[in-house]
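Read the structure below first, then the notes.
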Amino acid sequence: METVKQLQKKYGSMAMFIAIVLALALIMLGYKEMAKGLMLGSIFSVVNFVLMGESLQSRLGNPGRSGTMSFFSLMLARFGLMAVPLVVSIRYDQYHIVATIAGLFMVQAVILTDAAKRMMFSRQL
């Protein structure tokens, strides 16, 4: 079984690699704002994923009332963090809002794709 840190590294690295490749393709096609929005959202997606792992470890390592309070405070911090790229992309025309939203879901898309790939290959064997 993979540890949380190994999963974070695996999925975070894959998400950033895909985001960089897509951003380079968008820049070559002349969509600089979309590339910036995708990268902005992807960076915050990976940071959110890391913080999610940390909040899970703190919740499991500290049961009781104080563990619950720290879990909820970290969850609120994560939600606030996810709002930052949205506000930036709404406020500044340098970032494309739809690409930013797509970037915010980059880690989830990588996890879903990996799970689908594993399921398809397990059925073939």
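Treat the numbers as computed from the prediction; the structure is a model and nothing was measured. Just so you know, residue 1 is the first one in the sequence shown, and it goes up from there.
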Legend entry - Residues forming a side-chain contact (heavy atoms from CB on, under 4.5 Å) with Leu112, sequence neighbours excluded: none
[X]-[Y] co-clustered via ILVMFWY side chain contacts under 4.5 Å:
X: Leu40; Y: Tyr92; result: yes
X: Leu29; Y: Leu24; result: yes
X: Ile111; Y: Leu7; result: yes

Inset, instruction - Taking Ser13 for its side chain and Lys10 for its backbone only, find out whether a donor-acceptor pair lies under 3.5 Å. - result: no
Inset, instruction - Any pair with a residue in residues 22-46 that passes side-chain hydrogen bond (donor to acceptor under 3.5 Å, both in side chains), sequence neighbours left out, goes on the list, sorted by first then second residue, please. - result: none
Side-chain donor-acceptor pairs of residues 96-109 under 3.5 Å, sequence neighbours excluded:
residue : atom : partner : partner atom : Å
His96   : ND1  : Val98   : N            : 3.4
His96   : ND1  : Ala99   : N            : 3.3
Thr100  : OG1  : Gly37   : O            : 3.4
Thr100  : OG1  : His96   : O            : 2.8

Using atom types as modelled, flag every donor-acceptor pair under 3.5 Å from a side chain in residues 71-81 to any protein atom, sequence neighbours excluded.
residue : atom : partner : partner atom : Å
Ser73   : OG   : Met69   : O            : 3.2
Ser73   : OG   : Ser70   : O            : 2.9
Arg78   : NE   : Asn48   : OD1          : 2.7

Inset, instruction - Go through Ile43 and Met16 one step at a time and tell me if the side-chain contact (heavy atoms from CB on, under 4.5 Å) criterion holds. - result: CA-CA 7 Å; Ile43 290 168; Met16 286 309 298; 3.9 Å; yes
Legend entry - Closest approach of Val46 to Ala15 (non-hydrogen atoms, all atoms of both residues): CG2-CB, 4.4 Å
Legend entry - Minimum heavy-atom distance between Leu38 and Ala23, given as atom pair plus value: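 For Leu38 and Ala23, the tightest heavy-atom pair comes out as CD2-N, 4.0 Å.
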Inset, instruction - Look up atom OG1 in Thr113 and atom CE in Met14, then write down how far apart they are to the nearest 0.5 Å. - result: 9.0 Å
